[in-house]
Amino acid sequence: MGLGDLEETCMQLITFAGATKSAYVEAMSERRAGNEEKALELIKEGKETYAQCHKIHQQMFTTEHKMENSMQTLLLMHAEDQMMSCETIYVLANEIMQCYARIENLENKR
C-alpha cells in the first residue's frame, strides 16, 4: 500500500461505518414511530454497509504496508474505532427495537 492508499482506505472505512451507524440509528427512530418494516429495512441496509467495512478491513491486512507517520496510525485507529462502534450500535438498535415492539404490544392490549 502506498502512502496515499492507506489514508484513502481508512476514509472508505470511516465512510461505510458512518453510513452503517446512520442506518441503525434511523432504524431505531423508525421503529419508535411504529414503522417496523422500514426499521427492519434499515437494519438490513446497515448490515450490508458494515459488510463492506469488514471486506475493506480484511483487504488492508492482506496487503503489506507500514505506517509512515503518526497521522496514518491515528487515522487507522479512528477507522477501526468507528467500526467497533457500529457493532455496539447494532446490538443496542436490536434491543431497543424489541423494547418498542413490547411497548406497542402492551399498548394494543388496553
Side-chain angles (χ1 to χ4, degrees):
M1 238 181 217
L3 184 60
D5 292 341
L6 180 61
E7 289 91 345
E8 183 178 325
T9 301
C10 287
M11 294 307 293
Q12 288 176 348
L13 279 176
I14 292 166
T15 299
F16 279 116
T20 300
K21 288 191 294 184
S22 292
Y24 292 157
V25 170
E26 190 177 342
M28 288 184 278
S29 179
E30 288 293 335
R31 186 62 185 98
R32 184 181 64 239
N35 302 325
E36 182 178 12
E37 191 174 312
K38 178 66 176 171
L40 293 173
E41 286 176 26
L42 287 162
I43 291 291
K44 182 181 176 189
E45 179 183 313
K47 288 172 85 173
E48 289 169 359
T49 56
Y50 192 62
Q52 289 296 318
C53 283
H54 269 293
K55 182 179 175 184
I56 293 166
H57 193 245
Q58 206 169 29
Q59 287 172 350
M60 285 178 69
F61 293 101
T62 58
T63 304
E64 194 172 317
H65 65 278
K66 63 180 183 178
M67 300 292 174
E68 298 290 334
N69 57 51
S70 60
M71 187 54 91
Q72 286 181 324
T73 303
L74 183 63
L75 188 60
L76 178 57
M77 287 174 46
H78 177 62
E80 289 182 326
D81 180 59
Q82 294 300 304
M83 283 183 65
M84 287 188 302
S85 70
C86 287
E87 291 181 37
T88 302
I89 292 173
Y90 174 73
V91 170
L92 290 173
N94 280 303
E95 288 296 318
I96 289 172
M97 288 172 56
Q98 287 179 22
C99 289
Y100 287 140
R102 185 170 181 206
I103 291 167
E104 195 173 74
N105 286 336
L106 289 170
E107 287 176 343
N108 289 336
K109 286 183 180 181
R110 290 187 202 175

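One distance of note links OG of S70 with CE of M77; it measures 10.5 Å at 0.5 Å rounding. Note that OG1 of T15 and CE of M11 are 5.5 Å apart. Values are rounded to the nearest 0.5 Å. Going from atom CD of E80 over to atom CD1 of I14 covers 10.5 Å, rounded to the nearest 0.5 Å. Note that CG of L42 is 11.5 Å distant from OG1 of T20, once rounded to the nearest 0.5 Å.
Annotation for I89 and K21: closest pair CD1-CD, 3.4 Å, computed over non-hydrogen atoms. Considering every non-hydrogen atom in both Y50 and E87, the closest pair reads OH-OE2, 2.6 Å. Here the shortest heavy-atom pairing between C86 and A17 reads SG-O, 3.3 Å. Smallest separation of non-hydrogen atoms from C53 and L13: O-CD2, 3.3 Å. Closest non-hydrogen pair, M28 versus Y100, comes out as O-CE1, 3.5 Å.
Contact of the E41 side chain with the K38 side chain is registered, since non-hydrogen atoms from C-beta on lie closer than 4.5 Å. Looking at M97 and I43, their side chains come closer than 4.5 Å, going by heavy atoms from C-beta outward. Between E30 and L40 the shortest side-chain heavy-atom distance does not fall below 4.5 Å. Using a 4.5 Å heavy-atom cutoff, the side chains of H54 and M83 are in contact. A heavy-atom distance below 4.5 Å is not found between the side chains of H78 and L74. Counting only heavy atoms from C-beta outward, the side chains of F16 and E48 never approach each other to under 4.5 Å.
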Side chain to side chain contact (heavy atoms under 4.5 Å, CB included) between L76 and M60, intermediate numbers included: CA-CA 10 Å; L76 178 57; M60 285 178 69; 3.2 Å; yes

Test log, rule side chain to side chain contact (heavy atoms under 4.5 Å, CB included), inputs R31 and I96: CA-CA 9 Å; R31 186 62 185 98; I96 289 172; over 6 Å; no

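Using modelled atom types, one side-chain atom of N108 and one backbone atom of E104 make a donor-acceptor pair closer than 3.5 Å.
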